[in-house]
Every structure is written in structure tokens, then in C-alpha cells.
Number of protein chains: 2
Amino acid sequence: MLARVSSSPTFKRLPRAVREQQMLDAAVKVFSRRGFHAASMDEIADDAGISKPMVYAYLGTKEELFIACLHREGTRMMEAIAGAVAPDLPADERLWRGLRAFFGFVGAHRDGWAVLYRQARASQPFAAELATMRGRLVEVVAGMLDHALRAEGREVGATDLEVVAYALVGATESLADWLADHPEADPEKTATRMMNVAWMGAAQLLHGVTWHPPAT
Amino acid sequence: MLARVSSSPTFKRLPRAVREQQMLDAAVKVFSRRGFHAASMDEIADDAGISKPMVYAYLGTKEELFIACLHREGTRMMEAIAGAVAPDLPADERLWRGLRAFFGFVGAHRDGWAVLYRQARASQPFAAELATMRGRLVEVVAGMLDHALRAEGREVGATDLEVVAYALVGATESLADWLADHPEADPEKTATRMMNVAWMGAAQLLHGVTWHPPAT
DNA sequence: GCGTAACCTTACGCACGAGTAGGTATGCTC
DNA sequence: GAGCATACCTACTCGTGCGTAAGGTTACGC
């Protein structure tokens, strides 16, 4: 009964690896458009051209699926950045290339990335996953600053370094949001602007210029 | 039947205004702890020491309730900041006081504010509300920069100004997150750190020092 | 050609939680 | 102290959507 009336051009059976990617593509799309909560597994399955139990069989529950999305996209982003910076370049050059790669990536995945990212901040289970990624970024930036500082013969507390790095990463993320919301904006130009804010400030710190609260 | 066995010390009937505040307190608490989705109206009502229909009668649906929370907390924050900055102070002093007020506020409402704020970014209906608040902040910061720039006899495009302001606000938000996650951290010190990152960079820009991408 | 394993389906159970209907108590006004 | 408005309750309805049971179909090895 209902023997696959074969309306579409004969459904091909595909190997697992391929289907999984299709599902992830669909999931990213739907999660982006609807948000985690409003997205339904039915819609994702539908969009992937597959039925729901397959999604469960391959990628697990809704949460696991979301984390899988986050993971894939995050890894791609990290690779994009890592591929752009050579370890033997001077700090400002590395920062610039990293930023350019980052904004380039976001610009190329506006809907996909930014919204996924925003979702992830909201609820506990995902926050951990996200924190890992952000942590790696912060670490890289902090390492860069530290390296540059040592070259200048200065020392700065680990917490200070981390916090500054955190601020820079935060500013960058914020601009990524801005970029995602402004389709006409140019990633390269955004990166330049970020560089102006970040590096100008960082460079001051590197040269020992600091700000202190006024004696009130 | 079941005529209020009066276990607790005789429930008082309270005027609407008071109950509304209690409900909002409870809502902020529960939304913070669970996230918007996972929070249930039952739990909120329970926590407020009231029954669910009362919540609906006074504050409306779950979304409306959340927006009411956002609104109240946002207004309080804005007032805290506005009360700290005098319009006739120099730009750096205003920035410093604004930052100190902001981080002080976040520090005093760690769980409440930061998580509420994180939630709001996730789904569309709330994003609008949040965008308004952030927009006001960006406007204030941009205005401050613009003012300072004019004083130096410089002109900068409106978009550039907005983007820089956006980055600064983003960095600040990011540090607020960090602060919320580190109970031992000192708001005042965090504000100082932010000032170092932000103002050092901004000051450079004010003096016409800019960064340009290297000719590759 | 025939088993077996992987692919894929339809159709359902079931919990959870938003929102409501309809009724009870309490204080305030005259 | 009757009447009325407002505070407040218990106990439902009902949609939604996650996750699954049980069964069909295609490919591939032997």
C-alpha cells in the first residue's frame, strides 16, 4: 500500500555521511530562521527531505542536533581563522588577518552563523559548548597580547590579560552581530574598524600607557 | 470546601501594584535561572506565592511577562547610568562614570540582569525590545565620541561613529557577562579595565591616529 | 536468488505547559 | 450589614511537538 508513488525523480538512498550533512544543513537553516525553541524537528526533517526518525537515528535528540550544528559551524569558523594566521607573523598582522578571516566568515554565513550563535547564548546546555569556543578565541587573543607584551619587556597579570582579551572578543562578536544585521555592510571594512578600536587601545597598553580612575 | 486551612500566617490580600512587583521579582528570578523557554508560568506563580490566573490577569501572557521584566530591569539600569553622569563633564569622565554605574548595576544584579539579557537576544519578539535599549546606549556613546571629536576639530562619518560605538558597547556587554560569571570579581575594577581598553583606543582615534590595512 | 543489514517510512503515545472557566472569599462604601 | 468590586482560588482544556514502535523497501554479499 502506498508503494512510493515516486512523484519526485526517484528518491535515491544515500549513505549515512551524506544524509547527515543534509540534515545539518537543514537544521542550521531552520534553527536560524525560527530559533531553537520555535524550530520543530518535523520541519527540519521535512526540509532535509527525510523523515523524522532518521534524524533521531543519526543525530539524536533536538539538543544534540543543535549542538552538532554549533560544533560543525564553529569548527569551520575556527579553521577559517587558523588558516589565515601564520604563527610567525608580528602580532598586529596576525590580529588583522584573524579579524579579516572572522568577519569574512560571518559575512558569508550571515543568517547561519550569527543567529545560531545568538541562540547558543540563551540556554544552559549550549552555553557550555559555546564557552569552549569562545574560550579558545580568548586564549588565542590573550596569548597574542602576552607575546607582544613580553617582547616589549612588560609583564601583566593573567587576569588582566584575560579580561582585556575578553573585551576584545566581545567587541568583535558585537560587530559580527552588527554585520549580520546589515546585509550591505562590508566584512573587510568592518574588520578594519574593529582593528582601529582594538589595536589602537591594545597598542597603548603595550606601550605602558594606562588609564587610572580619577581621585574622587 | 478546603476553606484555606491557613497554614501560613494568614495570607494578606494585597493591592495590585504590590503583587505585580512581587510577580515581576519572581519572574526575573525564574527566567534567569531556567531561561525563557524552560521557565514555566506555574513555577513563577508559585515563587511569587500566588496562583497562575493572577499572573495572567495582571501581566498577561508569558511573552508579555518577559517583556515586562526586561522593561523594568532595563529602565532601572538606564536610570542608574543616567543618574551617574552629568552632561557638563568632559567625555572621559562621563564615560568612566557611566561604565562604573553600569558595572555596578550588573554586579548588584548578577543573576537577574545578565541572564535576562542573554535570553533576550535569542528570539525575535524580544530582540526588538532589547535593540531599543542597546540603541539608546549606542546613541549615547556615539554622541559622546562625536562631541569629543568636534572639540578636537575633527569629523568622522556617522556610520564609522556608530560602528565604533557599537564595538564599545559590545565589549562592555561582554565584560558584563564575564562579571556575571565571576562572582568574586569587582565591578569597579572591571570598569577600570574596560576604560583602559575603550578609552585608550578611542583617545587614539580622537587624536587622529588610525590604523590602515597593510598593502598586501 | 536469498538473507541480512542498512535505509526509510507511517502513525502514534504521551508529557508538558500555556491559557481559561467558573467559583469563593475579603475588604470597602454607604 | 447589604452590595459591589476586587483579589484570589482550584481544576480543568487542549494544542503542540518530542521522541518511538513497528513495519516496509532497497542494496549488496555470497
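All chains are named by letter (A, B, ...) in the order of the sequence lines, taking the proteins before the strands, and each is independently numbered beginning at 1.
- A:Asp186 is linked by a salt bridge (Lys or Arg N to Asp or Glu O under 4.0 Å) to nothing, counting only residues two or more places apart in sequence or in another chain.
- Taking each heavy atom of A:Ala120 and A:Leu130 in turn, the nearest pair found is CB-CD2, 3.9 Å.
- Closest approach of B:Ala26 to B:Asp47, counting heavy atoms only: CB-OD1, 3.8 Å.
- One atom, CD of A:Glu64, and another, C1' of D:dG19, lie 12 Å apart when rounded to the nearest Å.
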Checklist entry - Checking salt bridge (Lys or Arg N to Asp or Glu O under 4.0 Å) for the pair B:Arg118/B:Asp181: CA distance, chi angles, key distance, verdict? => result CA-CA 12 Å; B:Arg118 282 177 219 184; B:Asp181 291 337; 3.3 Å; yes
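- At a threshold of 4.0 Å, the pair A:Arg121-B:Asp177 counts as salt-bridged, since one of the basic side-chain nitrogens sits closer than that to a carboxylate oxygen.
- For A:Arg16, the salt bridge (Lys or Arg N to Asp or Glu O under 4.0 Å) criterion is met by A:Glu20, not counting sequence neighbours.
- If you measure from atom CD of A:Glu43 to atom C1' of D:dT16, you get 14 Å, rounded to the nearest angstrom.
- The aromatic rings of B:Phe31 and B:Phe36 sit parallel to each other, their planes meeting at less than 30°, with 60° as the upper class boundary.
- The distance between atom CZ of A:Phe31 and atom P of D:dG17, rounded to the nearest whole Å, is 13 Å.
- One finds no salt bridge joining B:Arg76 and B:Glu79 here, because no Lys/Arg side-chain nitrogen approaches an Asp/Glu carboxylate oxygen to under 4.0 Å.
- Nucleotide C:dC8 holds its C1' atom 15 Å from the CD atom of A:Glu20, rounded to whole Å.
- A side-chain N or O of A:Tyr117 and one of A:Glu173 form a donor-acceptor pair less than 3.5 Å apart.
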Nucleotide N/O of nucleotides 28-30 of chain C paired with protein N/O under 3.5 Å:
none

Polar pairs (N or O, both sides) under 3.5 Å between protein and nucleotides 5-7 of chain D?
from  : atom 1 : to      : atom 2 : distance (Å)
D:dA7 : O5'    : B:Tyr58 : OH     : 3.2
D:dA7 : O3'    : B:Leu14 : O      : 3.4
D:dA7 : N3     : B:Arg13 : NH2    : 2.3

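- Annotation: ring-ring contact (aromatic ring centres under 6.0 Å, His included) contacts involving residues 37-58 of chain A, sequence neighbours excluded, comprise A:His37-B:His37.
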Are any protein N/O atoms closer than 3.5 Å to N/O atoms in nucleotides 17-21 of chain C? If there are, list each pair with its distance.
from   : atom 1 : to      : atom 2 : distance (Å)
C:dA18 : OP1    : B:Ala39 : O      : 3.3
C:dA18 : OP1    : B:Lys62 : NZ     : 3.0
C:dA18 : OP2    : B:Met41 : N      : 2.9
C:dA18 : N7     : B:Lys52 : NZ     : 3.4
C:dG19 : OP2    : B:Tyr56 : OH     : 3.3
C:dG19 : OP2    : B:Lys62 : N      : 3.0
C:dG19 : N7     : B:Lys52 : NZ     : 2.9
C:dG19 : O6     : B:Lys52 : NZ     : 2.7

